[in-house]
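Sequence lines set the chain letters: A, B, ... in the order given, protein chains first and strands last, and positions in each chain run from 1.
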Amino acid sequence: GAVVSQHPSWVICKSGTSVKIECRSLDFQATTMFWYRQFPKQSLMLMATSNEGSKATYEQGVEKDKFLINHASLTLSTLTVTSAHPEDSSFYICSASRLYRDYPSHSPLHFGNGTRLTVT
Amino acid sequence: GQQVMQIPQYQHVQEGEDFTTYCNSSTTLSNIQWYKQRPGGHPVFLIQLVKSGEVKKQKRLTFQFGEAKKNSSLHITATQTTDVGTYFCAGNSNYQLIWGAGTKLIIKP
């Protein structure tokens, strides 16, 4: 079953409004979660790494004031797209690493179902 | 910067034909992961390769990690409609996960 839950699956909002996306690890604690953005027919672009209890680490070119990340607990990270514009329309996906005995380092990522954001 | 090149971008095959996608890294990788993303879905972890020259099989899927740990391939034998999707490699280097662009497997009607 799903180990990472992402909500909402899709959202339509008006330009200038803010949208919050939640990412939860369901049966494990994730000190680190990752937020990706994916354009149609393209690969995943890492936006930021969310660290529980500390500030997120943003990739170059990603505006931290526009994409607010909060990782308040070991099972929840949120991404808020502030003052959304049509160019922010995209597919946003979160992921978390779950430690496995067979993969003691660089654990595989479990992805949420993604959120399709449309800004009108 | 560090890059992982993945080719081809698309591959059209008849059902029953084989499919292969290749990844090449500009730097030596500590390991490489493979994911599959179905149309409209999210990436799903398939496998991780760690050792130089490692070969792993999952039914009709064969994964290889090069001796220099800079390249990797995924080969699917006798493709089926359920194999449709985009296959991504992701290489770990300096504690960063670097994604390939993905190869989309398309089954010809």
- Item | Which portion of A/Q38 sits near chain B, non-hydrogen atoms under 4.5 angstrom | side chain

- Measure from the side-chain N and O atoms of B/K56 to the backbone N and O of B/Q48, and report whether any donor-acceptor pair falls under 3.5 Å. yes

- Query: Is there a donor-acceptor pair closer than 3.5 Å between any side-chain N or O of B/S52 and the backbone N or O of B/E67?
  - Reply: yes

- Task: Answer with yes or no whether the hydrophobic clustering places A/F34 together with A/L117; edges join I, L, V, M, F, W, Y residues whose side-chain heavy atoms lie under 4.5 Å apart.
- Result: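 Each belongs to a different hydrophobic cluster.
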
- Task: Check whether A/M33 and A/V19 end up in the same hydrophobic cluster, where Ile, Leu, Val, Met, Phe, Trp and Tyr are linked by side-chain heavy atoms less than 4.5 Å apart.
- Result: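 No; tracing contacts between hydrophobic side chains, which count when under 4.5 Å, never links both residues.
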
- What residue, out of B/P43, B/A101, B/G102, has the most heavy-atom pairs lying under 4.5 Å from chain A?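 Greatest number of close heavy-atom pairs with chain A: B/P43.
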
- Which residues satisfy the side-chain contact (heavy atoms from CB on, under 4.5 Å) test with B/K59, sequence neighbours excluded?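 In terms of side-chain contact (heavy atoms from CB on, under 4.5 Å), with neighbours along the sequence ignored, B/K59 is linked to no residue.
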
- Residue part contacting chain A, namely of B/Q6, when any heavy atom lies under 4.5 Å: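 B/Q6 has no heavy atom closer than 4.5 Å to chain A.
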
- Query: Heavy atoms under 4.5 Å from chain B: which residues of residues 42-60 of chain A carry them?
  - Reply: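 Residues of residues 42-60 of chain A touching chain B at under 4.5 Å: A/Q42, A/S43, A/L44.
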
- Task: Determine the interplanar angle of the B/F19 and B/Y87 rings, folded into 0 to 90°, and report it as parallel if under 30°, tilted if 30 to 60°, perpendicular if over 60°.
- Result: tilted

- Task: Show your working on side-chain contact (heavy atoms from CB on, under 4.5 Å) between A/F67 and A/W35 and close with a plain yes or no.
- Result: CA-CA 10 Å; A/F67 299 99; A/W35 287 95; over 6 Å; no

